[in-house]
Amino acid sequence: MVQTLMSELTKARTEAIESRSEPPKSKAFNSFQIAQAQFDKVAEYLGLDPATRDLLRYPLREYHFAIPVRMDDGSTKIFRGFRVQHNDARGPGKGGIRFHPQETVDTVRALAMWMTWKCAVVDIPLGGAKGGVICDPHNLSAHEQEQICRGWVRQVARNVGPISDVPAPDVMTNAQHMLWILDEFEHMNGGHYPGFITGKPVEMGGSQGRTEATGYGVVFTLREALKELGIKPENTTASVQGFGNVAQYAIELYHRLGGCVVAVCCWDQADQCSYTYRKREGVDLPQLLSITDRFGGIDKAKATKLGYEILPGEAWIEQEVDILVPAAIENQLTANNVGRISPKVRIIAEGANGPTTPDADVEIRKRGILLIPDFLANAGGVTCSYFEQVQSNMNYFWEKDEVLGKLDVKMTAAYYAVSELARHENLYMRDAAYAIAIGRVAKACHERGWV
């Protein structure tokens, strides 16, 4: 019966996507609609009852608020902030806080939902949440960013905490931002609560290995995928989109395994567009890092002098490599560009959240490319955040090798659980990961008596 249901899941999902015409060009991409569509297909064929479906396809709670900030020039500016708590049936909410000028509540809702599935697929006792502020840190001083951080937590302090909802860094936020948020929260509550925030500086209760965790997690799953395909890492090449924390550490570990990255793509703040930096013999990671700003932007002029070809932003997709690693933002592999993927590509490892649209998924599956879905591939970050939370609450900290060893065990186990189900039931990897994650969360909701 299970085999029949899971086979029907894949068939129905594929047929539903293939039957759709291309959406109108004027229609804006909506991450939350994508997240709900992915959930709906799996929920239907897992046989979830209507109440459970209604509960899980929307957030349990969400908060919208204004953050007044006195700017350095003496003016006052109002920033808009969000915190979305999708589901906490399996444990406290967990999810980062993003600073982005194009942030929307629907993006935050989608990311909160994906966090629920991410925690469940790697089987850690946490739920999904996400936060955001509409702002551009490129144009804000450190003092102004600090005021936004402190103002954000003042607005939601009654609804977050070490046993209810634990934030972390995300796009354009870092350990310093988290420390400002923690300090404000502790000041308000009159005590020390290091388990409230993860992604903290190591000397202030952070975990060894947390900085590397997301990128390393991507490569741990990639390593196992290569084993399954009988391919040695040293015989592979890769193209990477993004050059922030995730991409940098993924490249570092992939290089240590013997692989060769020939192209990286990143945003150019001055030109307000992205470029792909290619060196056919392989990029030199330390060299690139020496000409990269704190947001992961590579200095184009210096890269040219170092012998890198400067190509259009989307050129990373069409490189003749074995592996593609989208590790930047959502909606990057679409029906419009998936046909540009080289026939040589064998694996796509999604380091970013939601980089592939359902329309692109159909083509990727048709071509037999092994896709490691985002909420499995990039779950190393939240897994290590869970380790940090445990250590902070115990006030006892592990050495780096122990943290990364535990991370490797968790990521490898999660990969093989998804891969085994996908292979046994002839499922696309994304569908198999969703089936495991949604099943675990639905079971927790039922056992609690919520539905």
Side-chain angles (χ1 to χ4, degrees), residues 209 211-266 276-290 292 298 303 306-309 311 315-328 341-352 355 364 367-374 376-380 400-401 404-405 407-416 418-419 422-423 429:
T211 304
E212 300 92 335
T214 308
Y216 276 22
V218 172
V219 178
F220 289 151
T221 60
L222 173 60
R223 179 195 63 201
E224 301 309 314
L226 289 169
K227 285 181 185 177
E228 288 197 310
L229 294 177
I231 302 172
K232 294 182 178 179
E234 59 267 30
N235 296 330
T236 64
T237 55
S239 177
V240 179
Q241 186 201 26
F243 202 57
N245 174 271
V246 178
Q248 290 172 13
Y249 283 104
I251 293 169
E252 184 228 309
L253 186 56
Y254 175 65
H255 280 176
R256 283 167 53 191
L257 293 178
C260 176
V261 172
V262 300
V264 297
C265 170
C266 67
T276 295
Y277 298 82
R278 182 173 70 185
K279 186 173 278 190
R280 295 183 186 276
E281 64 271 26
V283 305
D284 184 323
L285 181 61
Q287 186 182 70
L288 276 183
L289 290 175
S290 72
T292 301
I298 297 170
L306 292 171
Y308 288 86
E309 297 176 73
L311 306 174
W316 73 276
I317 296 171
E318 59 196 32
Q319 299 306 304
E320 293 187 5
V321 294
D322 306 286
I323 301 158
L324 292 180
V325 184
I341 295 176
S342 166
K344 186 181 179 185
V345 171
R346 300 291 303 278
I347 299 173
I348 297 174
E350 295 183 327
I364 289 167
R367 291 177 53 174
I369 298 172
L370 193 161
L371 180 133
I372 309 173
D374 49 0
L376 169 61
N378 66 32
K400 186 174 184 177
D401 286 348
L404 294 178
L407 177 65
D408 195 347
V409 169
K410 267 290 186 187
M411 295 299 296
T412 300
Y415 175 84
Y416 278 108
V418 173
S419 177
R423 184 170 55 253
M429 284 281 282

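At least one donor-acceptor pair closer than 3.5 Å links the side chain of T221 to the backbone N or O of V218. In this structure, K410 contributes its side chain and A379 its backbone to no donor-acceptor pair below 3.5 Å.
Sparse packing is recorded around CD of E320, with 12 or fewer heavy atoms of other residues, nucleotides or ligands lying under 6.0 Å away.
To the nearest 0.5 Å, atom CG of residue L253 and atom CD of residue Q248 are 14.0 Å apart. We find the NZ-CD1 distance between K344 and I369 to be 13.5 Å, quoted to the nearest 0.5 Å. The distance from atom CG of L376 to atom OH of Y415, rounded to the nearest 0.5 Å, is 8.5 Å. To the nearest 0.5 Å, atom OG1 of residue T214 and atom CG of residue N245 are 6.0 Å apart. Distance check, rounded to the nearest 0.5 Å: CE of M411 to CD1 of I372 gives 9.0 Å. The structure places CD1 of I231 at 4.0 Å from CZ of R346, a figure rounded to the nearest 0.5 Å.
Nearest heavy-atom pair, L370 versus A225, reported as atom, atom and distance to 0.1 Å: CD2-CB, 4.2 Å. A328 and A352 get closest at one heavy-atom pair: N-CB, 3.4 Å. The shortest non-hydrogen separation linking A315 to L311 is CB-CB, 3.7 Å. In terms of heavy-atom proximity, T276 sits nearest to C265 at OG1-CB, 3.6 Å. Residues Q319 and A263 approach most closely at CG-CB, 4.0 Å, considering heavy atoms. In terms of heavy-atom proximity, C260 sits nearest to G282 at SG-CA, 3.5 Å.
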For a side chain to side chain contact (heavy atoms under 4.5 Å, CB included) check, start with the C-alpha distance between I341 and I348, then their side-chain angles and the critical distance, and finish with the verdict. CA-CA 10 Å; I341 295 176; I348 297 174; 4.1 Å; yes
Decide side chain to side chain contact (heavy atoms under 4.5 Å, CB included) for V325 and V261; before the verdict, give the C-alpha distance in whole Å, the side-chain angles of both, and the deciding distance to 0.1 Å. CA-CA 10 Å; V325 184; V261 172; over 6 Å; no
Checking D408 against L404 for the side chain to side chain contact (heavy atoms under 4.5 Å, CB included) test, could you report, in this order, the C-alpha distance in whole Å, the side-chain angles of both residues, the deciding distance, and whether it holds? CA-CA 6 Å; D408 195 347; L404 294 178; over 6 Å; no
Would N378 and V246 count as a side chain to side chain contact (heavy atoms under 4.5 Å, CB included) here? Give the steps. CA-CA 8 Å; N378 66 32; V246 178; 5.6 Å; no
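Within the 4.5 Å cutoff, the side chain of L289 has no heavy atoms near those of the E252 side chain. Proximity of R223 to T412: side-chain heavy atoms (C-beta onward) are separated by under 4.5 Å at one or more points. Side-chain contact between L306 and D284 is absent, with no heavy atoms from C-beta onward closer than 4.5 Å. Using a 4.5 Å heavy-atom cutoff, the side chains of V283 and Y277 are not in contact.
No side-chain donor-acceptor contact under 3.5 Å links Y416 and E228.
With sequence neighbours left out, K227 forms a salt bridge (charged side-chain N to carboxylate O under 4.0 Å, His left out) with E224.
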Quiz: residues 237-244 side-chain donor-acceptor pairs under 3.5 angstrom, not counting sequence neighbours:
| residue | atom | partner | partner atom | Å |
| --- | --- | --- | --- | --- |
| T237 | OG1 | D322 | OD2 | 3.4 |
| S239 | OG | W316 | O | 2.8 |
| Q241 | NE2 | Q332 | OE1 | 2.8 |

